[in-house]
Amino acid sequence: MKIESKTVHWGDRRKAGNFTPVTTPIYTAASYVYESMEQLDRVFALEESGPSYARYDNPTRSALEELVRELESGAGAIACASGMAGIHMAVLAALMDRPKRVVAANMMYGATTSMLMNIFGPLGVETAQVDPCDLAAFEATLNEEKTAAVVVETIANPLLRVPALDKIAAICRAADVPLIVDNTFATPMLVRPLELGANIVCHSATKYLAGHGDVLGGVIVADQANFDALRTLSRTIGPVMGPFESYLTLRGIKTLALRVERQCANACKVASWLAAHPRVERTFFPGDPKHPDADSIGRLFPPNRYGGLVSFELKGAGRTEVFRFMEKLQMVVRATSLGDVHTLMMYPVMGSHRDLSPKHRERLGIRDNLMRISVGIEAVEDIIADLEQALRA
Ligand SMILES: Cc1ncc(COP(=O)(O)O)c(C=O)c1O
């Protein structure tokens, strides 16, 4: 079955008594009874599948987990209360029986960097940051010391760099270090990191997977070697997605293929239009033939699909001019988040990367005139018309 068909069918139609619901309902029960105590005992022992207690398992959540596991070609998945809860669990699982060192991309979602530095740091975990697009530097940093895990994003936030995941996975495999990939921006419609050799994939389901701006959630998908540790952690700590959010995410994913196709097509047009606008200093878009990672993009992405995100710099602008521009937007929503059906614009200096010092941001190339658009599924003419009127001085 092709991935477009899986998004529509997978996870659903599990038998419930003498009938089978066509789409998975919202199960709110906190615990479950079985015909016999022997059977409940087998369920507790994971010898028989089925829910026993909501922290361990929930039928709505497990339908979603089964769907995303299949889309990402993993051995098992866990749906979490947020994207960050998922990344936290992935890193924690990797650290359990390994050295207290992580190698992470130097440019990622700000909260992921903060979590590594400010939460794992004081617990004695050292994080070495490196540019994952510089493979020689990446390999040298990884091999400096024994490492528990590598953390990178498929499309790095917010300058939309694309590391060579296949080559990074090979380097990690040679060093016997698990590779954790945040695939939120790419979605399994564009890239499936486990198929390229990664070990754990994380999603903020808040974004493209759920897709409608009404869910906070995450999903992590692991290969066989890493799934048991994750499941044990999840069952013990319980940072899991609730049944209502699981239902909405499951429902959202049914249109993921259509949404991503339209968002990619719209983003290509918005990026070209912005690149030609006299008030725009620079655009950052994986579909740009002059993109610094064009080789990786050509190898890893399907043809003509580069994701729905476009970043750009407004010529000569600082915070005041950026605020003025964003306040003029009428249809495009100026809010944090991404991957929704509606077009969203975000100011990384204020949002995703506000916790970094100005010097640190400057080193990474995140300037005060940089904005990020998450292109939605509206008529692209309307998106461009709104940008055009807001860019009029
Ligand atoms: C790439 C990426 N990963 C993880 C997260 C965190 O997800 P959540 O807000 O669902 O915890 C975000 C949120 O913006 C993100 O952009």
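As the structure lists them, so they are numbered: ligands from 1, and atoms in each ligand from 1. Values below: all heavy atoms of this structure, side chains included; hydrogens, waters and symmetry mates excluded.
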Using a 4.0 Å heavy-atom threshold (strictly under), name the region of L216 that reaches ligand 1: side chain, backbone, both or neither.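 The side chain, only.
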Between K207 and ligand 1, which part of the residue brings a heavy atom under 4.0 Å of the ligand: side chain, backbone, both or neither?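 For K207, the contact with ligand 1 is made by the side chain alone.
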Indicate yes or no: at least one non-hydrogen side-chain atom of [X] is less than 4.5 angstrom from one of [Y].
| X | Y | answer |
| --- | --- | --- |
| L165 | V181 | yes |
| D368 | V322 | no |
| R319 | Y347 | yes |

Are L64 and Y27 connected in the hydrophobic side-chain network, where two residues link if heavy atoms are under 4.5 Å apart?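 Hydrophobic grouping puts L64 apart from Y27.
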Quick test of your reading: applying salt bridge (charged side-chain N to carboxylate O under 4.0 Å, His left out), list the pairs with at least one residue in residues 158-182, sequence neighbours left out, ordered by first then second residue.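 For residues 158-182, and leaving out neighbouring residues, the salt bridge (charged side-chain N to carboxylate O under 4.0 Å, His left out) pairs sorted by first residue read R161-D293, D166-R299.
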Ligand 1 and [X], any nitrogen or oxygen pair closer than 3.5 angstrom?
| X | result |
| --- | --- |
| M84 | yes |
| S204 | yes |
| T112 | no |

Considering only the protein, which heavy-atom contact is closest to [atom], and what is its distance?
| atom | value |
| --- | --- |
| atom 4 (C) of ligand 1 | D182 OD2, 3.4 Å |
| atom 10 (O) of ligand 1 | T206 OG1, 2.6 Å |
| atom 6 (C) of ligand 1 | Y109 CE2, 3.5 Å |

Atoms of ligand 1 close to N157 [distance to a heavy atom under 4.0 angstrom, numbered from 1]: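 Atoms satisfying the 4.0 Å criterion: 16 (O).
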Sub-4.0 Å atoms of ligand 1 with respect to non-hydrogen atoms of G83: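 Reading through ligand 1 atom by atom, the close ones are 7 (O), 8 (P), 10 (O), 11 (O).
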Taking the six-membered ring for Trp, are F120 and H88 closer than 6.0 Å centroid to centroid?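 Aromatic pair counts; centres sit under 6.0 Å.
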Taking the six-membered ring for Trp, are Y53 and Y56 closer than 6.0 Å centroid to centroid?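 That pair passes the under 6.0 Å test.
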Does G217 have a heavy atom less than 4.0 Å from any atom of ligand 1?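 For ligand 1, residue contact (heavy atoms, under 4.0 Å) with G217 is present.
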Ignoring hydrogens and angles, tell me if any N or O in the side chain of E72 forms a donor-acceptor pair with the backbone of L194 under 3.5 Å.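 It does not hold such a pair.
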